[in-house]
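Input: a single structure, listed below in structure tokens.
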Amino acid sequence: MATNTKELSVEDKLRALYDLQLIDTRIDEIRNVRGELPLEVEDLEDEVAGLTTRTEKLKQDLETIEEQIKAKKNAIEDHQSAIKKYSKQQESVRNNREFNSLTKEVEFQELEIQLAEKQIKEMKASMEHKKEIISNSKEKLEAKMAHLKHKKSELSDIMAETEKEEAFLSEKSAEFEALIEERLLAAYKRIRSSVRNGLAVVSIERGASAGSFFTIPPQTQVEIAGRKKIITDEHSGRILVDTSLAEEEREKMQQLFSQF
């Protein structure tokens, strides 16, 4: 392949560069049709995953609270049993000291019951709050999932229409890249990445490079039309080709694109 690259004339290099530009521009157009849709789908998937995880966590919290309430109710029963036991013992005490001691135990158990009942009330309130959040999250999740399904379908339709063409053009882009020497290809890619519209190779239009308001001197235009050397626009850095060459290559590439 390196031998073939060296055999290319300057004109052939310019044609290969312009063909590569036309192919890459078409690929850009295909991807622009998709626009932000892939990112929208990805963001929606993240939101759905986040809401699902949050809902599952809240459900686990409810189960934990239910277990805690059950434990508190069991503790209350234990405290009530203790109160009955101490109250029964008070009936057979021999002095006031023992009676007072048992009274304190009863009071302590009653306080523990009050505390447990308060905690149960707080936990039940927490459960109701979490259930409300789960309900709201469920509604939001269902809406997001429906929206995600719609966006995925939309993206799938676009991909079905363009995937084959993009794959074909990507192969063609690689073929043309292989024809271009590394230095020129690196320059092409560098320019493409630095300009908003991705145009690294442009034709002369009305005495200026396409998309530019800066006139190209007549002598430079003659040199460009001569196709004897690679010439770049001094203002934008883009590689320049003459109008005739551009028209010929556009017509050739149009036949390639018309397959789809």
Side-chain angles (χ1 to χ4, degrees), residues 27-28 30-164 166-167 170:
I27 292 172
D28 290 344
I30 290 171
R31 289 174 179 170
N32 285 338
V33 169
R34 294 199 291 266
E36 299 295 319
L37 200 50
L39 289 176
E40 284 183 48
V41 168
E42 188 178 330
D43 287 344
L44 281 168
E45 286 175 335
D46 289 343
E47 285 187 58
V48 166
L51 283 168
T52 302
T53 301
R54 186 187 183 198
T55 302
E56 289 303 315
K57 174 67 169 59
L58 286 167
K59 286 179 179 178
Q60 289 173 8
D61 289 347
L62 285 179
E63 290 177 4
T64 300
I65 294 172
E66 283 177 352
E67 289 298 319
Q68 290 173 341
I69 289 174
K70 186 189 247 184
K72 290 295 177 184
K73 285 182 176 179
N74 289 336
I76 288 173
E77 289 180 4
D78 291 340
H79 294 312
Q80 287 172 338
S81 296
I83 289 172
K84 287 180 181 179
K85 182 183 74 172
Y86 295 136
S87 297
K88 184 71 174 174
Q89 289 176 359
Q90 282 180 320
E91 294 175 4
S92 58
V93 295
R94 291 172 293 182
N95 54 58
N96 286 337
R97 185 174 61 81
E98 288 181 9
F99 184 86
N100 290 337
S101 176
L102 289 169
T103 299
K104 286 181 180 179
E105 287 294 342
V106 169
E107 290 174 351
F108 174 76
Q109 298 301 324
E110 288 174 343
L111 287 172
E112 287 294 306
I113 289 172
Q114 289 174 17
L115 177 60
E117 287 174 341
K118 180 183 177 185
Q119 289 171 334
I120 288 172
K121 185 178 179 181
E122 290 172 350
M123 285 188 282
K124 284 183 176 179
S126 176
M127 284 183 70
E128 290 304 312
H129 179 62
K130 288 181 186 294
K131 284 178 181 177
E132 186 179 346
I133 294 173
I134 289 172
S135 177
N136 293 336
S137 295
K138 186 179 178 182
E139 290 179 11
K140 191 173 181 181
L141 179 60
E142 288 173 354
K144 290 290 181 184
M145 287 180 72
H147 191 40
L148 175 59
K149 184 179 179 181
H150 170 72
K151 287 295 180 180
K152 274 188 171 180
S153 176
E154 191 178 337
L155 179 59
S156 179
D157 290 344
I158 294 173
M159 290 295 290
E161 292 174 6
T162 61
E163 195 169 17
K164 188 176 178 182
E166 184 179 355
S170 294

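Every value quoted in this text rests on a predicted model; they were computed, and no experiment measured them.
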Next on the checklist: One pair to check against side chain to side chain contact (heavy atoms under 4.5 Å, CB included): Lys57 and Thr53. What are the steps and the verdict?
Outcome noted: CA-CA 6 Å; Lys57 174 67 169 59; Thr53 301; 5.6 Å; no
Item to check | Full working for side chain to side chain contact (heavy atoms under 4.5 Å, CB included) between Arg31 and Glu166 | outcome: CA-CA 9 Å; Arg31 289 174 179 170; Glu166 184 179 355; 2.8 Å; yes
Checklist entry - side chain to side chain contact (heavy atoms under 4.5 Å, CB included) between Glu77 and Lys73: does it pass, once the steps are laid out? => result CA-CA 6 Å; Glu77 289 180 4; Lys73 285 182 176 179; 5.6 Å; no
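Atom CE of Met123 sits in a crowded spot, with more than 12 heavy atoms from other residues, nucleotides or ligands closer than 6.0 Å.
The backbone N or O of Lys131 lies less than 3.5 Å from no partner atom in the side chain of Ser135, so there is not a single donor-acceptor pair. Checking side-chain atoms of Ser101 against main-chain N and O of Arg97 turns up no donor-acceptor pair under 3.5 Å. No donor-acceptor pair closer than 3.5 Å links the side chain of Ser156 to the backbone N or O of Lys152.
You'll find the side chain of Lys130 reaches within 4.5 Å of the side chain of Ile65, heavy atoms only. For the pair Gln68/Gln119, no side-chain contact is recorded, criterion being any heavy-atom separation below 4.5 Å from C-beta on. At a threshold of 4.5 Å between non-hydrogen side-chain atoms, the residues Thr55 and Ile133 do not count as touching. Between Leu51 and Lys138, the closest side-chain pair of non-hydrogen atoms is not below 4.5 Å. At a threshold of 4.5 Å between non-hydrogen side-chain atoms, the residues Gln109 and Gln80 do not count as touching.
With respect to Glu105 and Lys85, no salt bridge is recorded, no charged nitrogen being found less than 4.0 Å from a carboxylate O. Remark: Glu63 does not engage Lys59 in a salt bridge, criterion side-chain N to carboxylate O under 4.0 Å. Using a 4.0 Å cut-off between a side-chain N of Lys or Arg and a carboxylate O of Asp or Glu, Glu36 and Lys151 do not qualify as a salt bridge. A salt bridge does not link Glu47 to Lys140: none of the charged side-chain nitrogens sits closer than 4.0 Å to a carboxylate oxygen. A salt bridge does not link Glu107 with Lys104: none of the charged nitrogens is closer than 4.0 Å to a carboxylate oxygen.
To the nearest 0.5 angstrom, Ile27 atom CD1 is 4.0 Å from Ser170 atom OG. Atom CD1 in Ile158 sits 7.5 Å away from atom OG1 in Thr162 (nearest 0.5 Å). Going from atom CD of Glu112 over to atom CD1 of Ile83 covers 10.0 Å, rounded to the nearest 0.5 Å. Considering CD of Glu110 and OG1 of Thr103, their distance stands at 10.0 Å, rounded to 0.5 Å. The distance from atom CG of Leu115 to atom NZ of Lys72, rounded to the nearest 0.5 Å, is 6.0 Å. In this structure, CD on Glu163 lies 8.0 Å from CZ on Arg34, to the nearest 0.5 angstrom.
Residues Gly35 and Pro38 share a closest heavy-atom pair of O-CD, 3.5 Å.
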